[in-house]
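What follows is a single structure, written as structure tokens, with notes after it.
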Amino acid sequence: MITTFASPSAVDDMPAELPAILEQLADSNPAIGLALVRALGGADSPALRQTSNRLMEALATDLGVSLEVETTVSRALRAQEVFDNWPEERVDALLRDLAVAVADRAEALAIEAVRETGMGNVADKVRKNRFASLAAYRSLVGKVGKGVLSVDQERRVTEIASAVGVVFGVVPVTNPVGTAIFKTLIALKGRNALILSFHRRAVGVGRSVGAVIRQVLAAHGAPTDLVQCLTNRADRAITRRFMSHEKVSLIVATGSAGLVRAAYSSGTPAIGVGPGNAPALICADADLEEAARAIVESKAFDNGLICGAEHNLVVDDRVSAPFADALARHGAAVLTAEERGRFYKSVIDRKSRTLRREMIGQLADTIAAAVGISRPYPIRVIVIPSDAARLDPFSGGEKLAPVLSMFSAAGEDEALRLCRTLLDEAGAGHTAVIHSTNPARVDRFARTMPAGRILVNTQAAQGCCGMTTGLECSITLGCGTFGGNSTTDNVGYRHLLNIKRVAYGLEV
């Protein structure tokens with residue numbers, strides 16, 4: 001088919017709808033749209049010239065984005081084809097060296113992440129980086145990532161694993177290094193290629209992580225395009241282009257609720273995660289000293305950036321006073337009513353009624369100093385007594401800082417209702433915590449809470465990811481349909497596989 005275009009002067013006689021038609025063409029096919037707009041640049045019509053000039057710059061940028069996306073995905077496809085038939089031992093050797101390389105640089109990468117993002121603390125990010133690399137590797141080594149996964153002789157069913165292809169992984173600002181290496185390990189275990197998209201506030205450390213990964217890939221004779229790191233996430237258009245690309249097989253989205261929604265609506269299969277807002281129920285029979293220690297250790301970890309940490313304490317009113325004393329002994333500042341008023345005035349955004357952005361991921365001592373709060377000991381977390389009858393987005397929501405709300409409940413029934421209310425406010429499906437020595441009470445809590453992880457007598461930040469519990473080692477935690485996600489699992493390499501099932505007929 002041959003298309004001819006009228007001369008610019010003849011265009012003046014064309015319909016008034018032409019500018020809108022041009023915009024539609026530009027959106028559907030930037031290359032053709034750019035050629036046509038250039039051809040119309042000399043038109044006598046002021047409306048066409050104005051439309052042409054406006055679209056010219058946008059189309060040139062859009063075409064560049066399209067070319068970048070196509071090139072990146074094409075490289076990933078070629079790399080995945082080369083990598084697909086690597087034997088298990090060679091893949092595990094590659095994963096081992098990737099994990100060791102990141103673990104060896106854990107401190108330097110943690111320093112860079114804290115400096116660039118302005119969030120968290122170096123010591124805890126070092127621990128996270130090593131967990132996400134070494135512990136993740138240990139959970140993968142020896143497992144089958146391609147070929148026969150299992151054979152059930154009785155049912156005559158054989159499971160066979162194959163790669164999904166090209167995976168697009170979103171990396172959040174709160175945990176750039178750990179998320180990047182973890183997604184790399186689980187993607188490569190399944191013989192997939194991976195495209196990592198870093199948050200705009202973590203592009204520098206993203207480049208550093210990418211350089212480490214490429215160096216190890218090259219040393220093992222693997223295509224360096226097997227893992228590609230994007231560092232221009234500031235442009236959301238390019239993220240959407242990758243998500244909707246027909247050759248991207250799967251999205252693993254860790255980030256804001258809006259980004260996860262974009263992944264699910266992209267038309268590409270997606271595994272998304274939701275926000276955390278874990279309630280921690282402190283029962284009357286709990287070991288109060290141990291509960292207080294665990295909560296402070298958890299919420300202080302990386303300055304409260306772990307979404308699976310405790311965000312709200314629900315305390316049986318029979319033990320409210322002794323529990324508050326126990327919290328203070330472990331470094332918590334339990335605020336007075338006057339201090340609570342100053343806290344709200346100083347660090348809560350008046351419009352959103354949430355923690356001000358500059359306070360996210362800061363030390364508790366730093367936040368306390370901003371409010372004018374002091375204690376005769378270093379403040380590790382800030383606990384704000386709150387009224388369950390007057391929930392607001394801050395008191396009842398996720399707090400990515402070493403800050404918790406604390407509510408009193410009159411008995412077990414009221415406490416369970418409040419924990420559910422808090423999860424309904426935000427964080428449904430993620431994590432819920434109970435401190436109790438009564439197995440029946442724990443069982444009732446587990447059956448009642450809409451959460452994928454029910455943690456018992458342990459710290460939540462470290463427990464939800466498998467660092468201090470027997471849960472699957474993962475830092476990508478699904479919230480299931482409770483939270484609008486596709487799974488409640490701790491996401492691992494099996495989620496990044498296509499699993500075929502060969503089934504023989506049974507004798508009847």
Side-chain angles (χ1 to χ4, degrees), residues 119-132 135 174-175 178 273 275-283 286-315 323-324 326-334 355 359-365 367-368 377-384 397-407 419 422-423 426-427 430-436 442 445 449 451-475 477 490:
M119 299 178 181
N121 67 75
V122 171
D124 291 337
K125 284 196 184 296
V126 169
R127 187 179 174 191
K128 279 203 296 186
N129 294 347
R130 288 178 176 155
F131 171 76
T174 52
N175 188 29
V273 303
N277 190 38
L281 175 56
I282 316 302
C283 299
D287 182 334
L288 301 184
E289 204 68 33
E290 178 59 24
R293 183 203 64 79
I295 289 162
V296 172
E297 289 293 328
S298 172
K299 194 57 175 172
F301 188 75
D302 204 20
N303 297 356
L305 287 176
I306 308 298
C307 64
E310 302 86 347
H311 294 266
N312 306 286
L313 307 178
V314 178
V315 187
F323 182 63
L327 286 170
R329 284 192 292 274
H330 288 277
V334 182
L355 198 68
M359 294 296 170
I360 293 174
Q362 303 306 305
L363 287 165
D365 259 339
I367 298 172
Y377 51 82
I379 297 175
R380 301 187 65 198
V381 301
I382 296 171
V383 177
I384 306 170
E398 184 182 51
K399 295 168 274 290
L400 295 181
V403 177
L404 303 100
S405 298
M406 182 166 68
F407 304 91
C419 287
L422 290 165
L423 285 172
H430 202 294
T431 301
V433 187
I434 183 171
H435 289 270
S436 174
V442 171
F445 180 83
M449 291 305 108
R453 282 149 290 278
I454 307 296
L455 305 181
V456 184
N457 299 328
T458 190
Q459 53 219 63
Q462 298 88 341
C464 65
C465 61
M467 189 181 292
T468 60
T469 66
L471 292 176
E472 187 82 15
C473 171
S474 178
I475 53 176
L477 312 181
N490 282 20

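Counting begins at 1 with the first residue of the sequence.
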Worksheet item: Going through the checks in order, is the side chain to side chain contact (heavy atoms under 4.5 Å, CB included) test met by Ile367 and Val403?
Response: CA-CA 9 Å; Ile367 298 172; Val403 177; 4.2 Å; yes
Item to complete: Begin from the C-alpha positions of Ile434 and Leu455 and carry the test side chain to side chain contact (heavy atoms under 4.5 Å, CB included) through to its verdict.
Response: CA-CA 6 Å; Ile434 183 171; Leu455 305 181; over 6 Å; no
Fill in: Test log, rule side chain to side chain contact (heavy atoms under 4.5 Å, CB included), inputs Cys464 and Leu477
CA-CA 8 Å; Cys464 65; Leu477 312 181; 3.6 Å; yes
Worksheet item: Under the side chain to side chain contact (heavy atoms under 4.5 Å, CB included) criterion, do Leu313 and Phe323 qualify, and how do the steps go?
Response: CA-CA 11 Å; Leu313 307 178; Phe323 182 63; 4.0 Å; yes
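Taking 4.5 Å as the limit, some side-chain heavy atom of Pro279 sits within range of a side-chain heavy atom of Leu423. In this structure, the side chains of Asp287 and Glu289 come closer than 4.5 Å at one or more pairs of heavy atoms. Here the side chains of Ile306 and Lys128 are in contact, with some heavy-atom distance below 4.5 Å. Contact check for Asn312 versus Leu404: no side-chain heavy atoms found under the 4.5 Å cut-off. With contacts defined as side-chain heavy-atom distances shorter than 4.5 Å, the pair Phe445/Cys283 does not qualify. By the 4.5 Å heavy-atom criterion applied to side chains, Arg127 and Phe301 are counted as neighbours. Looking at Val315 and Met406, their side chains come closer than 4.5 Å, going by heavy atoms from C-beta outward.
Side chain of His430 to backbone of Ala426: no donor-acceptor contact under 3.5 angstrom is found. Although no hydrogens or angles enter the test, the distance criterion places no donor-acceptor pair under 3.5 Å between the side chain of Arg380 and the main chain of Ala364. Proximity of a side-chain donor or acceptor of Asp302 to a complementary backbone N or O of Asp124 within less than 3.5 Å is not detected. Looking only at distances, a side-chain donor or acceptor of Glu310 sits under 3.5 Å from a matching main-chain atom of Ala460. Using a distance-only test at 3.5 Å, with no hydrogens or angles considered, no donor-acceptor pair links the side chain of Ser298 to the main chain of Gln459.
With no hydrogens or angles considered, no side-chain donor-acceptor pair links His330 and Glu297 at under 3.5 Å. For the 3.5 Å distance criterion, the side chains of Lys399 and Asn277 fail to qualify, holding no donor opposite an acceptor.
Closest non-hydrogen pair, Leu281 versus Cys419, comes out as CB-SG, 4.1 Å. Heavy atoms only, all atoms of each residue included: Gly463 and Thr469 are closest at O-OG1, 2.7 Å. Considering every non-hydrogen atom in both Gly397 and His311, the closest pair reads O-CB, 4.2 Å. Residues Ala278 and Ala309 come closest through the heavy atom pair CB-O, 3.4 Å. Across all non-hydrogen atoms, the minimal contact from Cys307 to Leu400 is CA-CD2, 4.2 Å. The two residues Ala291 and His435 have their closest heavy-atom pair at CB-ND1, 3.5 Å.
Every residue was checked against the side-chain hydrogen bond (donor to acceptor under 3.5 Å, both in side chains) condition with Thr458, not counting sequence neighbours, and none meets it. Remark: Ala328 pairs with Tyr377 by the side-chain contact (heavy atoms from CB on, under 4.5 Å) rule, at least two apart or across chains.
With values rounded to the nearest 0.5 angstrom, Ile295 atom CD1 is found 11.5 Å from Lys299 atom NZ. One distance of note links CG of Leu327 with CD1 of Ile382; it measures 13.0 Å at 0.5 Å rounding. Within the model, atoms CD of Gln362 and CG of Asn121 stand 10.5 Å from one another, a figure rounded to the nearest 0.5 Å. If you take CG on Asn490 and SG on Cys465, they are separated by 8.0 Å, rounding to the nearest 0.5 Å. Here CG of Leu422 is found 8.0 Å from OG of Ser405. Values are rounded to the nearest 0.5 Å. The distance from atom CE of Met119 to atom CG of Leu305, rounded to the nearest 0.5 Å, is 6.5 Å.
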